[in-house]
Amino acid sequence: MTSVVPVENLTESQKKAISHKEGPLLVLAGPGSGKTRVITCRVAALIESGVRPGYICAITFTNKAAEEMRLRVQQSIAVSGVHISTFHSLCVWILRRFADAAQIRPNFSIFDAADQQRCMKEAIKECPVDAASFTPARILEFVSRLKNDLEDVEAFEARAGDFFEKNAAKIYRQYQKILKQNNALDFDDLLVRTAILLRDWPEVRLQLSDRFRYLLVDEYQDTNHAQYQIAKGIALAHRNICVTGDPDQSIYRWRGADIENILAFEKDWPEAVVVKLEENFRSTPNILEAADKLIANNTKRKTKTLIPTRPAGDNIAILTCDDEAGEARRIAETIEALIRDGNDRNEIAVFYRVNAMSRAIEEAFVQRQLPYQVVRGVEFYARKEIRDLLSYLKLIVNPADDIAFSRAIGTHPRGIGKTSIDNLGYYARQHGLSLLAAAENAEQIESINRPTRLRLMQFAAMIGRFRDEPAGEVAPMMDCVFAESGLADALKSEPEAIENINGLINAAAEYDRRTEQPVLTDYLQMIALYSDSDAYDADSGRVSLMTLHAAKGLEFDHVFIIGLEDGVLPHERSAWGGADDLEEERRLFFVGITRARNTLTVTYARHRVIRGQFIRSTPSQFLYEIGFEGESRILDAGWDQTGDEDTWEPRPTGGVRTAPEHCFQVNELVEHAKFGLGRVKEFLDMGEDSIVVVRFNNGNTKSLMVKYAKLQRIGR
């Protein structure tokens, strides 16, 4: 039998990773090193060696990545049965099958960010706390951290010490109570409940270990504590765990990712084999050199070198502009020229640190009629008409979902007012019922007038009819609900809303076509776990605009990264978070750089509007770290200025110039009112706009404009 694994086209490192079968394996995969190919070939190799497909579980972080991996496996070995999914989808799969042990009902709802916000508002309202101090966003973030550390309400209540923690514990308990009443889990609960299930139920853990005898975890550097425990629990009995990842691309610390999981893998699994994939098949040597120089400044990493396999290309362009409008104009002009020269619009992307930075770029694109897509896909599912229709479907699957009930019954006028809904809610709480069950019994609620009681019962009966429909394809059900619920009539004068609904139904039809057994529950799960990166359309025929976080896992021929300024990239929050936050910002820039195949353009604006204020910017320290520094540039400013915009390149000088008396000296000790003590690393003599680069004792390096910094000289 001829092998389907193309070993002749693999590097020695790739062959080693693919051929490893028993025991733990750590694959340190640099960007562009063929990681996805290695994973899919490894799955094929395991099946060729006699492993049943159903014994293999491969986990990645986005639906798009999981779908790509699934297709590649099917193309390479033409078998099905391998479990390939995201962590959250795997957890849903486990929790629905072991619902009794997890103490939940298997038809639970998955509450998205908006649902969680609404639940938290209700929880705060029901606790005697100051709503201004305990905002939903703040408490949701706080509770999320607790859950990712597997700290339940009881454990947190036991250790809560100060005023904030004691009140947060009350809100946490009330929030969980509301979720339970709705038979709902939030995103964190999916992970936490699964991790606790594996921890507390040995028989469940053994069943899953026997079911998934070979575990592959992609992007391991982005796992949080709960995900770490899930992977460890499944693999503990057989120890056949293969993780792939790169500490240099760990960029989700803000949502609980722990880089120590990958750094300490060999400690957890002492017999682990380690394979480094260092050959880069994506980027030119020029781009890789800059990436290597940048990331070498981090300490929390496993040393590796990006080895180019492509010939040298264009130098990295660093453009300086007077403000964000000039920056956007310059980028639009450059992209317009690229397209005019025959470059594919699908292969051009602009990255930025935060979503708000896309505004100026979009305006410049509109002026030049450049087609673009903003990769921010969850916004489609946040549209009112989409959430309205989905609320009916959620209620059909989970009659206990009071959030879905409240939204569905209020999608359009039914002659049921707020007072009647409040009375319905009171009756439901008094009798331990869901709102839908209370509506079914509305005849018993004397506080509601008879006509309204009839309308409530009619609504409940309609949901009952939908629930009685035979299970099967989702799109016909969605079409039926849209028409019969009255939502279609309510939206007939809103063509854009109708168009969006049609888009949703078309997407459901596509799900039906590619799924062997379409199930409404699974479809709603897919929607709930949808992410920004899943919205990227590689064949849109448009230039892509996205955040650096959304760019993870993608690649383009031509990449533009804007806003290389202190306080933007690195983000201003890194000034307070210490060295770990600064290293994460550096990793984020590293990810952006390594998305580029052929050309990379980085921009710095001397002025930028931030939170409504026109602020003078200072260049990001990351600009110096990628190689655009050196003595000649520091001593002679290095600016080739032509008007208000220019290209920033190092240029040689006629010799070393003596610094004026007012200049700062390298290694001089200084103090800043905000950042504390530090030592001068570099001084850029630019006259009135001179910049001093200081490494502060808190681990942060800042580029400061001398005339604004108010640095105090302490001495040497």
Side-chain angles (χ1 to χ4, degrees), residues 247-248 250-251 253 259 290-301 303 318 320 353 563-590 592-593 602 604 606 615-639 648 650 656-657 659-686 689-716:
D248 292 339
S250 179
I251 59 173
R253 184 168 176 263
I259 194 173
D292 264 336
K293 285 181 178 178
L294 173 78
I295 207 63
N297 290 277
N298 274 8
T299 58
K300 287 194 171 182
R301 61 189 303 256
T303 304
I318 297 186
T320 66
R353 179 61 179 84
L564 263 292
E565 298 128 34
D566 189 33
V568 178
L569 186 64
H571 195 277
E572 61 182 350
R573 285 195 299 267
S574 66
W576 308 106
D580 285 350
D581 279 358
L582 183 64
E583 290 207 355
E584 175 128 339
E585 291 292 303
R586 188 177 285 113
R587 291 194 293 268
L588 189 58
F589 186 35
F590 175 83
I593 290 173
V602 181
Y604 154 63
R606 299 187 188 100
I615 295 174
R616 174 77 195 214
S617 305
T618 56
S620 168
Q621 69 183 77
F622 297 161
L623 287 175
Y624 311 138
E625 293 175 359
I626 63 175
F628 288 82
E629 52 178 347
E631 188 176 41
S632 63
R633 181 183 167 278
I634 294 169
L635 292 174
D636 197 25
W639 303 96
W648 180 15
V656 176
R657 191 174 65 182
E661 289 184 4
H662 69 274
C663 294
F664 287 90
Q665 304 296 315
V666 173
N667 285 328
E668 186 173 2
L669 185 63
V670 295
E671 185 173 18
H672 187 275
K674 179 178 177 181
F675 305 119
L677 290 172
R679 287 197 180 274
V680 174
K681 284 185 65 182
E682 301 166 13
F683 176 74
L684 281 68
D685 183 6
M686 299 166 61
D689 294 330
S690 291
I691 291 172
V692 61
V693 181
V694 182
R695 182 169 181 81
F696 291 97
N697 291 351
N698 62 8
N700 292 318
T701 300
K702 293 290 177 183
S703 304
L704 305 171
M705 188 164 283
V706 174
K707 64 183 178 183
Y708 298 128
K710 297 181 180 178
L711 288 172
Q712 299 295 318
R713 284 187 167 90
I714 305 299
R716 297 178 73 88

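Just so you know, residue 1 is the first one in the sequence shown, and it goes up from there.
The side chain to side chain contact (heavy atoms under 4.5 Å, CB included) check on Lys300 picks up Ile259, Glu260, Leu263, Asp580, Glu583, with sequence neighbours excluded.
With values rounded to the nearest 0.5 angstrom, Leu564 atom CG is found 8.5 Å from Phe622 atom CZ. For the atom pair CD1 of Ile593 and CG of Leu588, the computed distance is 10.5 Å after rounding to the nearest 0.5 Å. Rounding to the nearest 0.5 Å gives a distance of 8.5 Å between CD of Glu565 and CG of Leu623. Between the CD atom in Glu671 and the CD1 atom in Ile714 there is a gap of 5.0 Å [rounded to 0.5 Å]. With values rounded to the nearest 0.5 angstrom, Ile295 atom CD1 is found 5.5 Å from Phe590 atom CZ.
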I'd like to know whether Gln665 forms a side chain to side chain contact (heavy atoms under 4.5 Å, CB included) with Val680, so could you lay out the CA-CA distance, the side-chain angles of the two residues, the decisive distance to 0.1 Å, and finally the verdict. CA-CA 7 Å; Gln665 304 296 315; Val680 174; over 6 Å; no
Hey, mind stepping through His672 and Val694 against side chain to side chain contact (heavy atoms under 4.5 Å, CB included) and telling me if it holds? CA-CA 10 Å; His672 187 275; Val694 182; over 6 Å; no
Under the side chain to side chain contact (heavy atoms under 4.5 Å, CB included) criterion, do Leu711 and Phe675 qualify, and how do the steps go? CA-CA 10 Å; Leu711 288 172; Phe675 305 119; over 6 Å; no
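Using a 4.5 Å heavy-atom threshold, the side chains of Phe589 and Ile626 count as touching. Taking 4.5 Å as the limit, every side-chain heavy atom of Gln621 sits out of range of all side-chain heavy atoms of Asn297. Side-chain contact between Ser620 and Tyr604: absent, with no pair of heavy atoms (C-beta onward) separated by less than 4.5 Å. In this structure the side chain of Thr320 reaches within 4.5 angstrom of the side chain of Arg606, judged on heavy atoms.
Taking every heavy atom of both residues into account, Glu625 and Lys293 meet most closely at O-CB, 3.4 Å. When all heavy atoms of Leu294 and Arg586 are compared, the closest pair comes out as O-CD, 3.2 Å. In plain terms, the two heavy atoms of Gly678 and Leu669 that are nearest each other are O-CD1, 3.3 Å.
Arg679 contributes a side-chain N or O that, together with a main-chain N or O of Asn667, makes up a donor-acceptor pair within less than 3.5 Å. A donor-acceptor pair is defined here as one N or O able to donate and one able to accept, closer than 3.5 Å; such a pair exists between the side chain of Glu585 and the backbone of His571. Using a distance-only test at 3.5 Å, with no hydrogens or angles considered, a donor-acceptor pair links the side chain of Arg587 to the main chain of Ser250.
With Glu668 as the partner, the salt bridge (charged side-chain N to carboxylate O under 4.0 Å, His left out) test is satisfied by one option alone out of Arg713, Lys681, Arg695: Arg713.
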